[in-house]
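A short worksheet on the structure shown next.
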Amino acid sequence: MNFFDQIRSFIGKAPFFKKPEKVSFSDLFVHFHQILEGNNATMEMMADMEDKLGGQYVFDKKYMQDVVADIEKSVFKSAYDLNFISGNKDLELYHVIEALARQLKQELAGELIIPGGKHVLALKDVEETLDEAVGNKAYNLFRILNFPQTNVPPSFVVTIGGFHEYLAMNNLHESIQALMEECRIKPDSIDVLSNKIRLLILGGEIPTDLRHEILKAAEDIYPGKLESVAYSVRSSAVGEDGALSFAGLHDSFLNVPFRGLLSSYKKVLAGMYTPGSIRYRIEKKLPFTDMAMAVLFQQMVGSQVAGVAYTVDPGSPQDQSCLIGAGWGLGRSVVEGNTQVDMFHVSRRRPYDIVRSRINEKKWMLSANGSDLPIKVDNALQNTPCLSPEQAAAIVETALMIERFFKHPMDIEWALDSDDNLRILQARPLGEICRGGQSRGPELKAFLKKQKILFQDQGVISYRGVGAGPVYIVTDEESLNRFPSGAVLVARFAIPLLASAIPRASAIITDVGSPTGHMATVAREFQIPTIVDTGSATQILEPGHEITVDAEKNIVYDGRITDLLYHQLLECPLFEFRYEFQILRRLLRRISPLTLIDPEGSNFNPKGCKTFHDVIRYIHETSLQTLLTIAEKPAALTGAGGKRLKSNLPLNMILIDIGGGLSESVEKTKWVTPDQILSRPMKALWAGMDSPDAWNTDPIAPDFKGLMSGVIRTQTESVAGQAVAGLNVAVVGENYLNLTLRVGYHFTVVDAYSGSSPEQNSILFRFVGGATDITRRSRRATLLLSILENIGFKVEGNGDLVIARAVNSSADQIKSYLFLIGRLIGFVRQLDIQMKDDTTIELYFNRFMAANSITPTKDLNLKGVE
């Protein structure tokens with residue numbers, strides 16, 4: 001009976017919610033392996049869904065229904081396996097999975113999901129899945145909230161849940177629906193019908209709980225100062241500022257005092273039903289059923305200058321300049337166009353010079369003084385430019401950073417406050433100038449053939465797109481801190497440390513890395529064109545030299561190819577507007593984000609799982625910790641048939657055979673030697689661990705800082721919730737290995753299956769801990785991530801934690817990987833003490849690669865392991 005037959009037989013005999021009274025340690029590991037296998041399958045399905053978002057693959061609703069059903073089934077099965085291991089301590093997971101599955105079914109049906117619980121959220125507390133709940137206007141600001149230089153004013157949003165609660169309390173749903181249908185039938189009566197709807201809304205009462213939530217959130221913006229402060233109250237309707245702008249059709253209010261917040265909220269709700277908004281919906285053939293209004297409340301910025309920035313001039317998009325409209329005081333005059341303002345055309349290229357400007361006579365302005373009445377501008381300022389060249393450059397630099405993220409020309413409302421700080425008030429796509437999904441034409445292709453190529457097809461595309469700028473090679477943390485906005489970030493390793501500069505980069509290129517690494521994940525979050533694993537970009541590219549990175553075709557050009565940048569910016573891909581694409585994106589927001597990060601955090605429990613990715617992370621960590629607690633009892637393990645390993649390596653290890661893992665000759669002995677191991681994956685791993693110089697036991701002389709860091713980490717400290725000192729356990733089968741290895745302060749897990757079917761083969765490698773400070777331990781984690789990425793693993797890391805996976809690999813590849821992991825375990829054992837600075841990462845990376853004759857081909861051969 002093979003390993004998977006054992007699993008099926010065992011599960012078939014087990015009651016679904018009841019664990020047998022006595023279960024062997026090996027049987028528990030059968031379920032643990034099932035968890036790992038299920039998690040890998042779920043991750044593969046998630047990756048396939050994300051690939052579909054690239055626009056290269058055709059898919060339909062049937063595909064989405066099938067993959068959602070498969071993910072639900074896989075995660076539910078893993079939850080069952082966890083409860084078997086833990087003795088049904090996590091039954092609540094089933095309810096979490098059912099709730100997530102129900103939300104996904106709603107998304108597939110096209111239903112608007114109204115969030116439960118609080119209807120008022122601080123902008124910083126908005127989540128990725130709440131785009132429709134808070135409306136695009138608020139959601140766009142949330143997405144750029146943590147960008148450098150964006151400086152969004154303190155804000156909160158009343159979700160569409162609040163809107164529906166308001167209508168329900170006042171019994172308005174049916175009345176408004178009937179009047180809206182009448183608008184469709186009698187378009188000549190829209191003005192009268194619109195007035196009726198708005199009067200119904202304005203005459204309603206705000207529910208008590210909602211009223212209290214709004215006022216409490218408003219107090220949090222101005223703690224202790226409510227008499228002399230003001231707010232802006234803005235519409236954030238479903239669909240507004242997205243593919244369709246609804247520009248100027250919904251009401252917003254400035255200079256709202258605290259006592260006027262509730263009435264302004266009702267006015268904004270009523271503003272969704274203006275005659276212009278209703279006609280717009282009818283003309284665009286938009287359904288009335290999805291009409292819902294979230295409302296954004298912001299701290300009122302007392303601006304000295306304010307206005308609007310277009311990242312592309314709509315009149316002359318080929319000019320490669322941004323257009324800024326600016327006026328004294330508040331920006332409403334610029335937005336509404338009812339007074340004279342200054343216009344600046346600013347180059348899209350550093351140092352963002354003003355190309356030309358038109359300075360008008362500005363006699364009137366609005367002020368943040370609590371009044372909507374304009375006041376006269378001082379005579380000396382009426383004909384003075386509102387912006388200095390430095391201020392205009394700062395606005396454009398920030399606007400282009402936002403544009404790079406959204407991958408669209410942007411319409412950005414900004415303000416300069418009394419301290420000359422730039423504040424971003426709104427950001428929405430300038431969609432009307434996009435032409436829509438045209439491929440590169442013959443003229444552009446012919447033009448590109450004449451351009452000098454620095455290198456091509458040298459590396460792997462991690463995120464598609466085109467970016468251009470001067471080369472900036474990051475060598476250490478100091479150079480990273482000086483990274484200029486708009487440059488191309490070039491680095492030797494795709495290390496997590498680069499994340500701080502990613503929002504400012506126009507493109508990213510690394511010598512070493514993989515599309516599944518942490519840095520690549522962050523690059524995708526910020527939508528920066530990225531090519532990793534080029535091998536030699538840092539040697540080929542010259543610092544300061546202008547290049548164009550075509551991460552669509554995997555080509556790096558010499559110089560700035562303006563025509564290619566212009567094409568990418570204006571040719572908005574049509575697939576993004578397909579209904580199926582929009583649904584898939586919503587599904588992924590409820591499946592793939594990982595919010596459950598810290599196993600020691602107070603939210604690391606079933607209730608803290610917001611997505612299916614969270615669920616499988618929780619299941620993996622919890623099942624591992626449960627098994628390791630059991631493995632702390634060596635007497636129980638040896639009494640159950642475990643054998644102690646006798647070897648030259650400094651390991652206190654017990655091997656548990658679940659079938660075909662050890663020679664039959666050891667059945668009546670308490671000890672086993674390496675040559676009596678039959679398990680294919682264990683033999684491969686041991687060959688690496690026992691190879692010459694892999695396991696150096698010589699003492700290392702640490703520097704004083706490293707020594708003191710080790711001294712203060714006492715033997716009572718735990719690594720990932722486990723005692724540092726303890727037993728090492730290897731569960732082995734003919735084709736299976738699960739190793740938990742604790743040496744000093746280092747904690748390693750290797751779980752592997754190696755059979756004849758590549759689709760069943762897999763490796764999980766997990767490493768955490770160290771005897772020094774977190775900085776040095778993180779350097780070693782970066783080294784591990786870099787090596788494993790280069791070998792071909794999918795990796796993720798956080799601090800000193802490294803998790804790497806390999807799936808769908810041949811038996812020979814699994815052997816190769818395990819041999820190298822075995823060497824790696826010994827190689828990095830004491831490196832954290834020696835990793836004094838970032839330069840040691842590359843030093844030991846090259847040393848390990850050279851010692852193992854590893855090349856970036858990722859086609860490794862292992863000799864000597866049968």
Side-chain angles (χ1 to χ4, degrees), residues 42 45-46 48-53 55 57-77 79 93-117 119 126-136 138-139 159-168 172-174 176-178 180-181 184 236-240 242-244 272 281-282 284-294 574-593 609-616:
T42 303
M45 287 185 278
M46 287 164 49
D48 184 69
M49 294 176 75
E50 290 173 347
D51 283 345
K52 298 293 190 293
L53 287 184
Y57 306 100
V58 176
F59 61 92
D60 56 13
K61 191 171 183 179
K62 179 67 165 54
Y63 162 78
M64 294 187 286
Q65 290 171 335
D66 289 345
V67 74
V68 165
D70 289 343
I71 288 176
E72 179 187 356
K73 181 179 178 180
S74 177
V75 176
F76 197 87
K77 173 62 176 60
L93 269 179
Y94 298 120
H95 300 295
V96 173
I97 294 168
E98 289 172 358
L100 289 170
R102 188 163 52 250
Q103 291 177 346
L104 292 173
K105 289 180 175 66
Q106 286 181 264
E107 295 284 14
L108 283 168
E111 298 177 17
L112 209 58
I113 297 178
I114 302 173
H119 292 322
V126 173
E127 299 175 3
E128 288 290 339
T129 57
L130 297 181
D131 55 332
E132 289 195 342
V134 300
N136 283 321
Y139 188 71
T159 70
I160 63 169
F163 167 77
H164 284 287
E165 184 178 341
Y166 180 86
L167 295 190
L172 296 179
H173 277 111
E174 292 183 3
I176 291 176
Q177 186 176 355
M180 289 297 294
E181 285 302 318
R184 193 193 304 276
S236 188
V238 172
E240 183 179 7
L244 300 171
M272 184 169 55
R281 283 187 167 275
I282 293 174
K284 297 293 182 181
K285 298 181 179 178
L286 300 176
F288 293 152
T289 53
D290 68 352
M291 291 184 71
M293 176 67 76
L574 290 176
F575 72 86
E576 291 188 3
F577 298 99
R578 288 178 54 223
Y579 173 76
E580 291 83 2
F581 180 90
Q582 299 292 338
I583 294 297
L584 180 60
R585 188 171 63 183
R586 293 176 193 168
L587 293 174
L588 275 170
R589 285 176 182 162
R590 300 186 182 278
I591 293 174
S592 64
C609 296
K610 306 299 182 185
T611 66
F612 275 133
H613 198 167
D614 285 342
V615 173
I616 63 174

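All values below were derived from every heavy atom in this structure, side-chain atoms included, with hydrogens, water molecules and symmetry-related copies excluded.
- For E72, the salt bridge (Lys or Arg N to Asp or Glu O under 4.0 Å) partners two or more places apart in sequence, or in a different chain, are K105.
- Listed by chain and number, the residues in a side chain to side chain contact (heavy atoms under 4.5 Å, CB included) with H173 are H164, L167, A168 (sequence neighbours excluded).
- Between L100 and K610, the shortest heavy-atom contact is CD2-O, 3.3 Å.
- Rounded to the nearest 0.5 Å, atoms CG (L584) and CZ (R589) are 11.0 Å apart.
- Annotation for A294 and A133: closest pair CB-O, 3.8 Å, computed over non-hydrogen atoms.
- Using a 4.5 Å heavy-atom threshold, the side chains of F59 and D48 count as separate.
- Summarising the geometry, atom CG belonging to D60 is positioned 8.5 Å from atom CD belonging to Q65; distances are rounded to the nearest 0.5 Å.
- For D66, the salt bridge (Lys or Arg N to Asp or Glu O under 4.0 Å) criterion is met by K62, not counting sequence neighbours.
- For the atom pair CZ of R102 and CZ of R590, the computed distance is 12.0 Å after rounding to the nearest 0.5 Å.
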Tell me, with the steps shown, if I97 and F612 meet side-chain contact (heavy atoms from CB on, under 4.5 Å). CA-CA 7 Å; I97 294 168; F612 275 133; 3.8 Å; yes

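- Taking CG of L108 as the start and CD1 of I583 as the end, the distance is 7.0 Å to the nearest 0.5 Å.
- The backbone N or O of V134 lies less than 3.5 Å from a partner atom in the side chain of S236, making a donor-acceptor pair.
- T611 contributes atom OG1, which lies 3.5 Å from atom CG of D614 (distance to the nearest 0.5 angstrom).
- Here the straight-line distance linking atom CZ of R586 with atom CE of M64 works out to 10.5 Å at 0.5 Å rounding.
- Scanning all heavy atoms of the two residues, the minimum distance from V67 to M45 falls at CG2-CB, 4.1 Å.
- Considering only heavy atoms from C-beta on, E107 stays 4.5 Å or farther from V68 through its side chain.
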Let's go through Y63 and M49 carefully: what are the C-alpha distance in whole Å and the side-chain angles of both, what is the deciding distance for side-chain contact (heavy atoms from CB on, under 4.5 Å) to 0.1 Å, and is it a yes or a no? CA-CA 9 Å; Y63 162 78; M49 294 176 75; 3.5 Å; yes

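- The shortest heavy-atom contact between M46 and L588 is O-CD2, 4.2 Å.
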